[in-house]
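Keep in mind the model is a prediction, meaning the values are calculated, not measured. Both ligands and their constituent atoms are indexed starting at 1 by order of listing.
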Amino acid sequence: MRITKAILPAGGRGTRLYPVTKSQPKEMLPLGTKPTIQGVAEEVVTAGATDILIITGEAKRAVEDHFDPANGLSHSDTPNDGRGPLFDHSVVEFYYTRQGAPRGLGDAIRCGERFVGDDHFIVALGDCIITSPEPAAPLHRMLAAHAEFGAEASILVQIVSHEATSRYGIVAPGPDVNADAFEMSDIVEKPGPQAAPSRFGVCARYVFSPKIFDYLRDLEPGHGSEIQLTDAIRAMIADGHRVLGVPLRAGELRLDVGNFDSYSRAFFRTMLTDETYGEDLRAYTANLLAHLDDPSNPDPDLPTQS
Ligand code: G1P
């Protein structure tokens with residue numbers, strides 16, 4: 001099975017990042033030298049997507065401008081300098097639709113029903129990237145398991161701390177189907193430590209068959225009074241459909257820009273490991289930390305005496 005469609009939800013208001021996101025999308029915040037959602041698009045394209053639907057909303061125009069093939073920047077002869085088109089638009093096509101109001105992730109995915117048609121598709125949340133030593137390796141594993149076991153949904157999961165279970169969809173794992181994937185017996189949105197069935201948290205990447213829309217169509221609001229994708233998946237499992245969990249491996253990370261704490265860590269990490277800027281920045285950071293610990297050490301932002 002070849003999966004070529006991807007939905008990137010980017011409609012959320014980003015209120016946890018105010019005032020930064022009052023008029024600009026959180027998905028446009030940089031991780032390293034590119035906007036977060038560009039990294040997400042590169043990930044799904046690497047995994048085989050050629051048709052990408054971005055679910056936008058209020059104050060999200062910048063996302064569309066960013067992916068425009070001719071967005072006013074003069075095309076340069078230097079490849080990959082970020083001035084020209086970001087993708088080969090003869091291969092990769094972007095589509096946009098607006099979520100009328102931020103009614104939750106399930107509602108956002110619902111907006112993609114016509115785009116998806118009868119095809120299986122990827123969902124990649126637009127506010128976080130998954131880093132891995134091999135580009136898009138987690139998505140490749142999900143797609144392989146999804147096809148091999150004829151799943152209706154395959155979901156990336158990561159171990160989260162006990163206290164953090166209230167910030168994730170949490171999965172109840174069933175038996176392993178192979179070394180990369182297990183069958184899920186339940187899933188619950190943001191349950192908190194007492195009710196959490198495990199520490200496997202849903203990690204921003206999904207592969208679905210169009211059956212998910214049968215469960216999204218009439219879904220009532222759930223956690224936080226929002227239409228929750230997790231609730232649709234839960235109902236699908238309860239009806240006996242096969243849903244797989246695919247865990248992140250060592251060396252793979254989810255970096256998200258959802259709040260200032262996670263965003264600042266994600267930005268530091270991507271800059272400090274950047275091929276071009278990382279080395280100098282690591283030296284600068286070491287000097288800055290030495291100065292902050294003991295102000296008699298030189299301040300790296302001031303010129304040296306000599
Ligand atoms: C969403 C999902 C949640 C998932 C999380 C991270 O929550 O509803 O199940 O664990 O993304 O992928 P959000 O962070 O958008 O509130």
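Inclusion of Lys190 in the set of residues having an N or O under 3.5 Å from an N or O of ligand 1 is warranted. At a 3.5 angstrom cut-off on N or O pairs, Val202 counts as close to ligand 1. At least one N or O atom of Gly169 sits closer than 3.5 Å to an N or O atom of ligand 1. By the 3.5 Å distance cut-off applied to N or O atoms, Glu189 is counted among the residues near ligand 1.
With respect to the salt-bridge test (charged N to carboxylate O, under 4.0 angstrom), the residues Arg242 and Glu183 qualify. For Asp107 and Arg110, the salt-bridge test passes: some basic side-chain N is under 4.0 Å from an acidic carboxylate O. For Arg98 and Glu58, the salt-bridge test fails: no basic side-chain N is under 4.0 Å from an acidic carboxylate O. Residues Arg234 and Glu189 are not paired through a salt bridge, judged by the lack of any N-O separation under 4.0 Å between the basic side chain and the carboxylate.
Atoms of ligand 1 found under 4.0 Å from any heavy atom of Thr230, numbered from 1 in the order shown, are 9 (O). Near Leu125, the atoms of ligand 1 lying under 4.0 angstrom from a non-hydrogen atom of the residue are 11 (O), 12 (O). Interface of Ala204 with ligand 1, defined as ligand atoms under 4.0 Å from a residue heavy atom, comprises 12 (O). Atoms of ligand 1 found under 4.0 Å from any heavy atom of Cys203 (numbered from 1 in listed order, with element): 12 (O).
Judged by a 6.0 Å distance limit and a 45° cone about the ring axis, Lys5 is positioned over the six-membered ring of Phe115.
Using cut-offs of 30° and 60° for the angle between ring planes, the Phe208 and Phe121 rings count as tilted. Phe94 and Phe67 have parallel rings, their planes meeting at less than 30° on a 0 to 90° scale where 60° marks the start of perpendicular.
Counting protein heavy atoms under 4.0 angstrom from atom 15 (O) of ligand 1 gives zero.
Using a 4.0 Å cutoff on heavy atoms, Gly258 does not count as a contact of ligand 1.
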